[in-house]
Number of protein chains: 2
Amino acid sequence: MKNLFIASFLILTIFAHSQSVQSPSKNITLTFAFAEKGKPTYTVFYKNKPIILQSYLGLLLKNGTDLASHFKIDSVGNKSVNEIWKPVLGEQSEIKNEYNEMTVALTQMATDKKMNIIFKVYNEGIAFRYDFPKQKDLNYFIVSDEVSEFNLTDNHKTFWIPGDFDSNEYPYSETSLSEINTDKTDLNNGIGMKSIAGKSVVQSPLMMKSKDNIYLNVFEAAVVNYPVMHLDVNTTQYKLTSHLVPNAIGDKAYLQTPCVSPWRTIMISDDARDIVSSKMILNLNDPCKIEDTSWIKPMKYVGIWWEMHVGKSTWDYAGSQNAQNSLSQDLLPSGKHGATTANTKRYIDFAAKNGFDGVLVEGWNTGWEDWFGNWKENVFDFVTPYPDFDLKEVTDYAKSKGIKMIMHHETSGSVANYERHLDRALDLMIKYGYPAAKSGYVGRIIPRGEFHDGQTMVNHFNFVAQRFADNNLMLNSHESSRPTGYSRTYPNYIAAEAARGNEFNAWSNGNPPMHETILPFTRLLGGPMDYTPGIFEIKMSFYDISKKEQVHTTLAKQLALYVTMYSPLQMAADLPENYEKYPDAFQFIKDVAVDWQESKYLEAEPGDYLTVARKDKKSEKWFLGSITDENARKTTIKLDFLSPNKKYKAIIYQDGKTADWKNNPINYDIKTIQVTSKSKINLILASGGGTAISFEPI
Amino acid sequence: MKNLFIASFLILTIFAHSQSVQSPSKNITLTFAFAEKGKPTYTVFYKNKPIILQSYLGLLLKNGTDLASHFKIDSVGNKSVNEIWKPVLGEQSEIKNEYNEMTVALTQMATDKKMNIIFKVYNEGIAFRYDFPKQKDLNYFIVSDEVSEFNLTDNHKTFWIPGDFDSNEYPYSETSLSEINTDKTDLNNGIGMKSIAGKSVVQSPLMMKSKDNIYLNVFEAAVVNYPVMHLDVNTTQYKLTSHLVPNAIGDKAYLQTPCVSPWRTIMISDDARDIVSSKMILNLNDPCKIEDTSWIKPMKYVGIWWEMHVGKSTWDYAGSQNAQNSLSQDLLPSGKHGATTANTKRYIDFAAKNGFDGVLVEGWNTGWEDWFGNWKENVFDFVTPYPDFDLKEVTDYAKSKGIKMIMHHETSGSVANYERHLDRALDLMIKYGYPAAKSGYVGRIIPRGEFHDGQTMVNHFNFVAQRFADNNLMLNSHESSRPTGYSRTYPNYIAAEAARGNEFNAWSNGNPPMHETILPFTRLLGGPMDYTPGIFEIKMSFYDISKKEQVHTTLAKQLALYVTMYSPLQMAADLPENYEKYPDAFQFIKDVAVDWQESKYLEAEPGDYLTVARKDKKSEKWFLGSITDENARKTTIKLDFLSPNKKYKAIIYQDGKTADWKNNPINYDIKTIQVTSKSKINLILASGGGTAISFEPI
């Protein structure tokens, strides 16, 4: 542990001229103090030990002035909050928001500029934000950099992905802080669009574990009108510094008082379950701004999608990816187009037969012949179907079968073009009764020079969610900046991808078995992920004998993901014909709920394993998911989360005896037993395996 | 004259390996030839003398390759065109498009890339463009620079404004080429937003006159999906080179084959009237793309606008320009707001009484309290009126009086925001029956880093015109890039400002008396200008005794501008109460037509004077406008343009005997005489003066 002497010294120094606030549990103490030249700093102690050493705070402005030094304290305000709110959709029907708050009101002495730093201390971590009140001497300003530091105590273990302004679709590296080096990550990873910020820049949320088994997670909440924060890692001094994503001309954020920065958060606990179950990020966002939320519904869906990933069909009608073909008046059909009226009806039939809510159809609209990789501005118009996709026939048919259609808006990164067409695109959805859309941002951003994670794009994603809300429509964005809890404010923003999803297993080196054990500690802290689980035909050689790609899990683990990867929008991603081959295993996907009364994180270790039990919001059914990384695992689970004095039929979907993600992934066993809250269950997970269980009261 | 020997030498050299094309009149000869290393060049002769010396052609691409050398000729194609087309609105009811064309098809030998250069030679000038056919080895490409040169023969006199990526609202400088220096122009000129490209960069159209009295004009036509071309001036070698406006990251144009560049044009004549009356720029644009144009109507209008410029009222409701006030829920009215329901009704009454078609109202919508100068993204929503402007009441009232309302969309340069709201803004116009809108782009462009004249903005302006057309709406843009004939293709793009308009006279050092004698040779070549003439209260001291600003013309010249400054959309810009004080002079504005059967340019000298006669499209009436610069002028005009064997009542609105733009601008005389086509009229124009005449058959 570095700087222990200095740290102790600081504690003493700080206490002389400092302001502190503690978590309700008293386990966490945050102290504000000035360093040299009136520079604001904070320090965090966990169970009386320093966990964040003295760290600078503040902002630098484009005009050369700073808001990071020469401050004095005007006042310090404190308050305690303990409240309950009810998410529209969620892991639990009620969320507790309990914290102690300290607002340090600062004035920069020479300039009379005012900045408040608001600290909130929760039982599972701390958060702070900059607050700029309306004031005479600070109206418009441009942020050139943020000073915010996270000065760590030691060379912690980290689970990191490279700081990339355009993509968060990386597999995680598990290294110590000192070993972080984006040059050494495997870049043969299937990501089309990369803008790596530097050798030692990583993305947040950054999950860490100290040598003395304290779990730390640095992230942010309520990123609104501000760029995404990546983290510069000082690999010798173990210090993280905010690295804001620039715009086309290098500026970071354009602000006008009164305004606030996003929250910078540090989750801290010696129990990993406190991190993975934390609702801190949601709590730090504004309450729901939609008055009537009755139209926001969870959805389990199938879709014309995986068949394109595996090469069975194509997004484009002409099947050519021929740049010029798309300009032609007369597209020549290739016969491989996935989004036909007939194929869509097949999916609708399958969805209706198996109790799904929705059907997604990608590739329904013109433009796919020349959509990717050329920074092309006018690709899609979001309203013109291919000649073999009859919008009215398809939507009428879906309606007759009680199925909701999910619209697809691939933007190819041409956001300017999407914004120009958005109102008409939404009008089309309303006309044909689509309640939700999946959007996509594959490609370099237009306006050119902007990045997926800059302020412009953050505003775009939030704007689109708001426009969807204005029209009572739900949104599921892919390739967006990663969520930071905005779904509390706009719960119609029902899910996002914004991380390496299951699709990478179809055509790249894929997602290693530990991947899904990390996402709940990182990406999922910000909001639901449309991971698209449920792949049964694990190996791509099934489609083409020459293919080596495969999903890096067992089939049973694919089932468990419906529980471990929380989302109120869940896809059964595989093909109908594949599900029909494994009806017994498919039963779990048909049964599993997607919106929850409560959730119990039973076991958690980032990069290793996760076991979660959740209770359906609408019934007394429980579902359990347990997953492991590349290591096989045995564990015993107490079922004390079940209601006492009730008997349950438990259907256990588990890895078969010889199952193994690599060599025998489809091998599974299903057994039905009777249990009560006093029962225990032994779980036996294969390498890359998992177990899924449904509990139904008898 | 420079290089005469070299020029003669070149003529000889070129003839050996060259391709030529002549104007139908044979006065102009253009020759294509290769210079060293297979570099394409052209040379132009006028009446057998060189007028453009050998000049390089081609483009440079971002990836380092060029399309400017190592070419060979594949083929040369020739054709002659002589056709007539009818503009929807215009200076004449029929336009002749007569030219000889030569297409030189080139292949770059090492790369097999193909580029055609298309030359068109008209009687009044030449044009060329680059044409990139669909081809295997050139699909997407990024233009980093354009090589196109205009290698002049001598140190011509020029009328220039600085090459500024964001503004064309400059007064002209009249200097020789060698004296061009933007550092020396008066920058105390009221322009809010400047991005001057360099010391010797000027804007096109660049009007020139050689020592042997040949008039030259370098411009461009059909700027579509391409940035505006400014001109780098070599002030010692008298060579102009294309200077394309960059985007946020320095790129110039993103293209995909098949595609074309805009036309580069050089008008050439020893009679200045050939330049000012040329329809070459319109001819070089695509024909009208709107099928039913019956809803496109000329308009003479008044509006709530000049009263804000003179300080009588304000655009904003709160009258504060207070940044924070605009955020307030409860705006406090200042009592000076111009766009009230009552004031609008007053203008509607005035318009109806005096036979106007429309009423413009600026400042009707929320946002004006904090709209300018801070690069603010979300300013206007284009749909929310101020509390004292009742949209329904106003539009119902206008309808009852037979008056069309003109919508106002100030974007403050936040184009991203405008595009997001455009559909809803147009819906509002349709709902309330607005047939047209005036748009504004005052401020730095958002997407940040873009310029008013870059490809992104060119596309924006054209996109907006198309969206207006989709909804049968007319558009009049202010602070846009200057038109290059797109109103042929989208005639609903009825007018634009895009130059220094009359408004500058209200609050800056204004427009010198020669200004309006130059605009027809520059800005107006690209399309109609909403110059907003008709100011009767010339001196701003009328409103505030301490003000020194004034319009730099006599009142009579303000009347003449309705004829000399062609636009199918003409404002009577002054206040109703001012017109009511001068009902005899106002009669001309009431009478003058705005759409024409034919136009006769009787006298023209850039920077000095202009006399035009035009025949109303719908009647036998003629109108004449004659203007001069700061020099008083006497001239005699033959009326042989009138129909023979007809008698006309001519009402002559002329400068009074002691009139003078500076000391006695409102002094005017009106007399009525009888004339025939055999009559002559002596015109006596004061310093900064003018004469307007209406001819009505008796």
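By convention in this document, chain letters (A, B, ...) are assigned in the order of the sequence lines, proteins followed by strands, and residues within each chain are numbered from 1.
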Option that, when pairs with chain A are counted at under 4.5 Å, heavy atom only, ranks first among B:Arg467, B:Arg424, B:Glu419: B:Arg424
Which residues pass the side chain to side chain donor-acceptor pair (under 3.5 Å) test with A:Glu146, sequence neighbours left out? A:Ser148, A:Tyr226, A:Arg264
Structural part of A:Asp251 lying under 4.5 Å from a heavy atom of chain B: side chain
Report the relative orientation of the aromatic rings in A:Phe463 and B:His421; use parallel for angles under 30°, tilted for 30 to 60°, perpendicular for over 60°. tilted
Please report the interatomic distance CG(A:Leu422) to CG(B:Leu422), rounded to the nearest 0.5 Å. 12.5 Å
Can you tell which part of B:Ile249 gets under 4.5 Å to a heavy atom of chain A, answering side chain, backbone, both or neither? side chain
Return the CG to CG distance between B:Asp423 and A:Leu426, rounded to the nearest 0.5 Å. 10.0 Å
Checking side-chain hydrogen bond (donor to acceptor under 3.5 Å, both in side chains) for the pair B:Asp370/A:Gln256: CA distance, chi angles, key distance, verdict? CA-CA 11 Å; B:Asp370 180 25; A:Gln256 180 182 13; 2.9 Å; yes
Under a 4.5 Å cutoff for heavy-atom pairs, which residue among B:Tyr418, B:Trp375, B:Tyr254 has the most contacts with chain A? B:Tyr254
Report, as yes or no, whether the 6.0 Å neighbourhood of atom NZ on A:Lys431 holds more than 12 heavy atoms from other residues, nucleotides or ligands. no
Hey, could you give me the CD1/CG distance between A:Ile446 and B:Asn247, rounded to the nearest 0.5 Å? 10.5 Å
With chain B, which of A:Arg420, A:His460, A:Glu377 has the greatest number of heavy-atom pairs at distances under 4.5 Å? A:Arg420
The criterion is ring-ring contact (aromatic ring centres under 6.0 Å, His included); which residues satisfy it with A:Tyr130, sequence neighbours excluded? none
